[in-house]
Amino acid sequence: MRAVLKDGYELQIMEQVNGSGNRVEDDHKLIRAPATAAQSGGGSAYSQDGSSRFVYVLSFFSALGGFLFGYDTGVVSGAMLLLKKEMNLSAFWQELLVSSTVGAAAFSALAGGFLNGVYGRRKCIMLASFIFTVGGIILSVAPDKVVLLIGRLTVGIGIGIASMTVPVYIAEMSPPQLRGQLVTINTLFITGGQFIASVVDGAFSYMEHNGWRYMLGLSVVPAILQFLGFFFLLPESPRWLLQKGNSQQALKVLTQIRATESVNEEYDSIKAMVEEEEKQTGEGPVLCRILACATARRALIVGCGLQMFQQLSGINTVMYYSATILQMAGVRDDKTAIWLSAATAFTNFLFTLVGVWLVERVGRRKLTLGSIVGTSVSLAVLAVGFLLSAQASPPVNPLDPTAPNSTCSHYGFCEQCMLDPNCGFCYYDKGSNISDTSCVPVDPANTEQAAYGRCSNATQVNPNAWWAYNYCPTSYSWVVLLGLILYLAFFAPGMGPMPWTVNSEIYPLWARSTGNACSAGVNWMFNVLVSLTFLHVAQYLTYYGAFFLYTGLAVLGFLFVLGCLPETKGLMLEDMETLFNRTLCTCGVLGDERTHYTRVNGGNLLSDEDVSDGD
Ligand SMILES: O[C@H]1[C@H](O)[C@@H](O)[C@H](O)[C@@H](O)[C@H]1O
């Protein structure tokens, strides 16, 4: 039994149990001295200038991993516009080149757990930056689509490893009162990477020949910078070092990153926890041990659930779909749409900055709850916007008898026409007056034009004809635009970063690598699932149906967060386990020694059932 006394001292009480289950002996051992004010969130020992400066430098170099994650996932859409023309890519190859990276990230995030445990955080981040560099070089010199695919798979492997390692590394290096902010900086770099990628896409979109090589290859620069930073400057995490028995090095690193000699208390409590965990370590793969241990299992459910709901709230659909939403709002020029997508990515970045500012002020739980409520409402606004647009959808004129027969000619309204990926809507627009509408097959090689007729560039039958693929002209576009802005303003400070931040803190050391690997894997798997199914879901349910579905999923996410997410603000990583400790923990039973934890309220021992979350 572990008892935390009112004044902060913590005792481990061993119950020796005989064969018939009766307690025969008690033994007490002091396992932790009281946490200093700083350790519990409010003090000064860690807030010394030197310490803050070093952890900020450290967070910057680490978060370059987040930047590369954002850059490589974001840059491909603009690169694809050029690539599909230059390499004559079919729709299948375009989809393969986009989703291969995310798929590879899902697998490598899972494998990253093992690598982290064995080789440490530092080597894993260096490995990821090396892989990013190799991937960037392959992409920039790729002679054909197969080599491009190899390059995209390679950067995916880098993204997976970085996405699970960087938050863990930053969390383990940070003092408790800065941890939330510093880990959230990693997500700021992810959204920053997505924004820079859209700017680079915009800039090189004018370079029709080989522009994509620069777009994809530029990621080499931050990757090399990160590798050099880690090689010359940044140390291994003291927690991992202690776990591997390298206590001298751990103490040295701790002294270096806190920029003070008085790190003994922190060092002792990490060491006490590592020793306690060592005693409890059972047999078998870590994942099985997590599943067998109630506290770790609960942490895993919370971590994976948060990541799942992050993706199910449709962030990547909204980001991916922003260009179309903007087209609905009347932006018809491709280049302008690309620049306005950059504005969307910038909004995501800007509001993530709000999250960095809020996380240590309001705490993870309130921030996530507020964010998911706002996200749900914004998704409903988006859905209503699409619903109004569908209801006001312009009719298709009776069939022109000279037009070739196709399935497109059977649709009576623009809404049905645009939901068929083979068709597009062609019309004249005189002020607010839409006329001479028709639904015609899209050019399979270039969705920006019709296969024939006045909306096909090749024939240039009428330069004043407008071609709408994937959307319908509507006067309700402002509702959709409002929904988009509200969505980003609410999602980006909370549901964007908090799943990553919370996952980096909630697991005990023995389960941290594996726990983060699993939850990052869940994030990437749901990312693939949502983005690959979006167009099909929209075809079956229409756009407004799809967004009402995401609204429902976000509401479920709210209930999940409300019921399961404890507050981790200000706690030491070593104290997190108690947050998930509502019932007897039977993990790591060694012989007859049963260990369970009980917290103390005003000096009175509470029964395990009395201990609730979040306090
Ligand atoms: O936290 C990040 C961030 O919100 C990104 O904008 C999004 O693309 C990622 O999928 C997500 O994991």
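All residue numbers in this chain count up from 1 along the given sequence. Read the numbers this way: they start at 1 and go in the same order the structure lists the ligands and their atoms.
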Residue pairs meeting ring pair (Phe, Tyr, Trp, His ring centres under 6.0 Å), one or both in residues 350-373, sequence neighbours left out, come to none

Students often mix this up, so state it plainly: with edges at 30° and 60°, are the rings of F195 and F349 parallel, tilted or perpendicular? parallel

Residues pairing under salt bridge (Lys or Arg N to Asp or Glu O under 4.0 Å) where one sits in residues 169-194, two or more places apart or in two chains, turn out to be R121-E172, E172-R512, R179-E505

Does the separation of the ring centres of F547 and Y550 fall below 6.0 angstrom? yes

Which pairs of N or O atoms, one from ligand 1 and one from the protein, are separated by less than 3.5 Å, and what is the distance for each pair?
from, atom 1, to, atom 2, distance (Å)
ligand 1, 1 (O), Q310, NE2, 3.1
ligand 1, 1 (O), G496, O, 2.9
ligand 1, 1 (O), W500, NE1, 3.1
ligand 1, 6 (O), Q194, OE1, 2.9
ligand 1, 6 (O), N348, ND2, 3.1
ligand 1, 8 (O), Q194, NE2, 2.8
ligand 1, 8 (O), N316, OD1, 2.7
ligand 1, 10 (O), Q311, NE2, 3.0
ligand 1, 10 (O), N316, ND2, 3.0
ligand 1, 12 (O), Q310, OE1, 2.9
ligand 1, 12 (O), W500, NE1, 3.2

Residue pairs passing the salt bridge (Lys or Arg N to Asp or Glu O under 4.0 Å) test with at least one member in residues 338-351, sequence neighbours excluded, are none

Checklist entry - Once the angle between the rings of Y71 and F67 is folded into 0 to 90°, is it parallel (under 30°), tilted (30 to 60°) or perpendicular (over 60°)? => result parallel

